[in-house]
Asker: 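Mind looking over this structure? Questions follow.
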There are 2 protein chains.
Amino acid sequence: MIAQRDQLNAVGGHADERSVAGTDQRSIPEATVARLAIYLRALVGMGKVGVATVSSGSLATAAGVNSAKLRKDLSYLGSYGIRGVGYDVSLLTDQIHKTLGLHQNRAVALIGLGHLGRALAGYAGFASRGFRISAIVDADPAIVGTRVRGLPVQHVDDLDAIVRTENIAIAVLTVPAGVAQEVCDRLVVAGVTSILNFAPTVLAVPAHVDVRKVDLAAELQILSFHDNRKSARADCEPARSGSSTMAVGP
Amino acid sequence: MIAQRDQLNAVGGHADERSVAGTDQRSIPEATVARLAIYLRALVGMGKVGVATVSSGSLATAAGVNSAKLRKDLSYLGSYGIRGVGYDVSLLTDQIHKTLGLHQNRAVALIGLGHLGRALAGYAGFASRGFRISAIVDADPAIVGTRVRGLPVQHVDDLDAIVRTENIAIAVLTVPAGVAQEVCDRLVVAGVTSILNFAPTVLAVPAHVDVRKVDLAAELQILSFHDNRKSARADCEPARSGSSTMAVGP
DNA sequence: TATTGTGAATTAGTTCACAGCT
DNA sequence: AGCTGTGAACTAATTCACAATA
């Protein structure tokens with residue numbers, strides 16, 4: 001039974017939460033946080049289409065999880081559903097938005113303007129999802145000074161000043177693996193505490209810095225493992241007939 | 001204590017493993033599979049630099065995990081270490097390589113030649129990591145027929161034939177969200193059972209198809225959540241001094 | 001002696017199943 | 001009647017800590 005796998009992120013640190021005044025955020029499990037982003041996308045889509053209310057069942061289907069998990073996840077935010085009815089799409093959207101801290105419209109710096117960097121620079125989803133590219137940085141003198149999407153490409157040597165003046169919250173790293181650690185160190189010194197790393201390297205960072213990694217090769221290898229297992233399995237079984245059922249939750 | 005988080009994937013199905021003749025692969029936990037790819041990268045790097053033997057401690061540091069986890073992970077592959085000494089780099093590399101099914105040099109199809117698709121087409125890591133781009137597909141008549149990296153861009157309408165003749169094992173989807181499900185359906189009909197989805201949509205697939213998703217916006221939103229929590233925390237605490245310790249494992 | 005391999009203990013995450021509302 | 005919210009049960013993953021051993 002090899003179904004669509006949900007890709008959640010196991011926990012790292014974050015054990016020591018405290019209820020903090022203002023936005024109430026006591027210990028939302030890491031796995032739940034990762035799914036909130038998915039729920040948010042589904043909700044925004046529904047809102048655009050004019051759906052006003054949604055049940056845990058249909059939102060769960062849209063998000064590719066089962067409804068018990070969805071309800072448990074939402075329960076960490078508080079009690080925003082109406083029994084017998086469902087969830088108000090716009091209210092729930094706002095709550096998740098707030099919980100993820102997206103009201104802040106965080107400034108993002110894009111470091112490294114290779115093919116991937118350019119692709120990300122052109123990604124329309126930044127603005128619509130609560131982020132704003134505020135700086136683009138590279139080391140190549142040939143492109144420093146040119147403009148990409150209205151922003152001047154700045155030199156990596158000026159990183160410190162850029163981070164401070166633009167108040168960069170998140171850095172997206174698309175530099176070659178060989179220089180990733182060095183650039184990361186500069187970012188950390190400049191005060192960046194959240195990094196999304198596309199370089200195929202493990203970054204060493206101080207404990208207060210958060211790194212997430214996107215790793216194409218690793219994803220393919222994980223698929224390869226399961227593919228391999230599937231074909232090994234197929235060798236011992238009668239040929240599969242065409243009876244395939246759509247399954248999102250188990 | 002907000003440290004570098006490891007990004008492992010929680011399990012979906014795959015509960016019903018069976019020991020299969022040949023490559024021995026009984027029930028490796030999902031979280032472990034995801035890390036094997038990281039260990040492999042670290043090992044390959046060490047091999048290139050001429051390291052012959054490595055202890056669980058140093059490999060763990062290189063991979064950004066703690067050594068107990070690393071040893072437990074490797075123990076699922078079998079017993080390839082030497083007590084008091086460590087692991088033979090080349091032997092362990094081969095074992096992980098085999099476990100991940102990378103000896104097969106799987107054929108990958110790239111579907112969608114936007115900015116991201118082009119960036120991925122140019123990614124050198126495919127070949128060196130056990131994959132080979134065998135087909136590039138798009139729907140835009142203006143680019144169908146042109147060549148990218150030596151490969152002709154083919155039309156999405158021919159997907160069925162392409163998948164069969166090239167024996168495509170894995171499809172990498174970088175098409176617009178609006179058409180992702182439709183293209184996915186065609187892939188499934190053509191017989192693809194592993195999909196790496198970069199489109200910001202949840203794909204519905206039959207149970208035997210494996211989908212992994214890479215989601216830029218979600219990653220940023222998760223970082224945003226923690227960033228938000230950090231700043232809320234900082235409001236109630238004395239300013240942090242400069243004493244930052246590098247922490248990879250706890 | 002140094003390091004692996006692993007049962008046992010712990011912690012996190014998921015699912016069940018039903019009480020409690022609307 | 002229908003759907004949420006959630007304790008309780010279960011399953012997966014991590015960490016501990018130490019016996020085994022080259």
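The analysis underlying the following values was restricted to heavy atoms, covering all of them including side chains, and did not include hydrogens, waters or symmetry mates. It should be emphasised that the depicted structure is a prediction, and the values quoted were computed from it without experimental measurement. Convention: sequence-line order gives letters A, B, ...; per-chain numbering from 1.
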Asker: Measure from CG on A/N66 to C1' on D/dT6 and round the result to the nearest Å.
Answerer: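 Interatomic distance, CG of A/N66 to C1' of D/dT6: 15 Å.
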
Asker: OP1 or OP2 of D/dG5 versus the side-chain N and O atoms of A/S79: is any pair under 4.0 Å?
Answerer: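 So the side-chain polar atoms of A/S79 do come within 4.0 Å of the phosphate oxygens OP1 or OP2 of D/dG5, strictly under.
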
Asker: Indicate whether any N or O donor in one side chain lies under 3.5 Å from an N or O acceptor in the other, for B/S58 and B/S55.
Answerer: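 Checked: B/S58/B/S55 side chains pair up, N/O donor to acceptor below 3.5 Å.
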
Asker: Please enumerate all residues that pass salt bridge (Lys or Arg N to Asp or Glu O under 4.0 Å) together with A/R186, with sequence neighbours excluded.
Answerer: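 A/R186 satisfies salt bridge (Lys or Arg N to Asp or Glu O under 4.0 Å) with A/D157, A/E182 once adjacent residues are dropped.
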
Asker: Rounded off to whole Å, could you give me the CG-to-P distance for the A/L70 and D/dC3 pair?
Answerer: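 My rounded result for the distance is 14 Å.
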
Asker: Grab the OH-P distance between A/Y80 and D/dT4 for me, whole Å please.
Answerer: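 Rounding to the nearest Å, OH of A/Y80 and P of D/dT4 are 16 Å apart.
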
Asker: Distances under 3.5 Å between protein N/O atoms and the N/O atoms of nucleotides 18-22 of chain C, please, pair by pair.
Answerer:
from	atom 1	to	atom 2	distance (Å)
C/dG20	N3	A/R83	NH1	3.2
C/dC21	O4'	A/R83	NE	3.4
C/dT22	O4'	A/R83	O	3.1

Asker: Does a nitrogen or oxygen in the side chain of B/S56 sit under 4.0 Å from OP1 or OP2 of C/dT3?
Answerer: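 For B/S56, the contact criterion (side-chain N or O under 4.0 Å from OP1 or OP2 of C/dT3) is not met.
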
Asker: From C-beta outward on A/S75, which listed nucleotide comes closest to its side chain: C/dT4, D/dT14, D/dT6?
Answerer: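 The answer is D/dT6.
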
Asker: Looking at the side chain of B/K69, which of D/dA13, C/dT3, D/dT15 is the nearest nucleotide?
Answerer: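 Ranking D/dA13, C/dT3, D/dT15 by closest atom to the B/K69 side chain puts D/dT15 first.
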
Asker: For B/I82, give me all partners under side-chain contact (heavy atoms from CB on, under 4.5 Å), at least two apart in sequence or on another chain.
Answerer: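 By the side-chain contact (heavy atoms from CB on, under 4.5 Å) rule, B/I82 matches B/V85.
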
Asker: Output the rounded distance in Å from CD1 (A/I28) to C1' (C/dA12).
Answerer: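 Whole-Å distance recorded here is 15 Å.
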
Asker: Respond yes when some side-chain nitrogen or oxygen of B/Y76 is under 4.0 Å from OP1 or OP2 of D/dA12, and no when none is.
Answerer: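 No, because none of the side-chain N or O atoms of B/Y76 sits under 4.0 Å from OP1 or OP2 of D/dA12.
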
Asker: Rounded off to whole Å, could you give me the CG-to-P distance for the A/D88 and D/dC3 pair?
Answerer: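 Computing the A/D88:CG to D/dC3:P distance gives 16 Å.
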
Asker: Check the distance between D/dA22's P and B/L91's CG and give it to me in whole angstrom.
Answerer: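 That distance rounds to 16 Å.
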
Asker: Distance check, rounded to the nearest 0.5 Å: B/L173 atom CG versus B/L187 atom CG?
Answerer: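 So the CG of B/L173 and the CG of B/L187 are separated by 5.5 Å.
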
Asker: Please tell me whether B/S194 and B/D210 have a donor and an acceptor in their side chains that are separated by less than 3.5 angstrom.
Answerer: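 The answer is no; no qualifying pair exists.
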
Asker: According to a strict under-4.0 Å criterion, is A/Y87 in side-chain N/O contact with OP1 or OP2 of D/dG5?
Answerer: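 Yes, such a contact exists.
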
Asker: State the CG-CG distance between B/L102 and B/D94, to the nearest 0.5 angstrom.
Answerer: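 Between atom CG of B/L102 and atom CG of B/D94 there are 11.0 Å.
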
Asker: Take the protein atom CD of B/E30 and the nucleotide atom P of C/dG13, then report the distance between them rounded to whole Å.
Answerer: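 The answer, rounded to whole Å, is 16 Å.
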
Asker: Who passes ring pair (Phe, Tyr, Trp, His ring centres under 6.0 Å) against B/Y123, sequence neighbours left out?
Answerer: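 Residues passing ring pair (Phe, Tyr, Trp, His ring centres under 6.0 Å) with B/Y123: B/F126.
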
Asker: Which nucleotide, C/dC16, D/dC3, D/dG5, lies nearest any side-chain atom of A/S55?
Answerer: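 Out of C/dC16, D/dC3, D/dG5, the nucleotide with an atom closest to A/S55's side chain is D/dC3.
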
Asker: Distances for protein N/O vs nucleotides 7-9 of chain C N/O pairs under 3.5 angstrom?
Answerer:
from	atom 1	to	atom 2	distance (Å)
C/dG7	N7	B/K72	NZ	3.4

Asker: So, using side-chain hydrogen bond (donor to acceptor under 3.5 Å, both in side chains) as the criterion, who are the partners of B/T32 when residues are at least two apart?
Answerer: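 B/T32: side-chain hydrogen bond (donor to acceptor under 3.5 Å, both in side chains) contacts with B/D73.
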
Asker: Side chains of A/E30 and B/H226: any donor to acceptor distance under 3.5 Å?
Answerer: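 Distance-only check passes for B/H226 and A/E30.
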
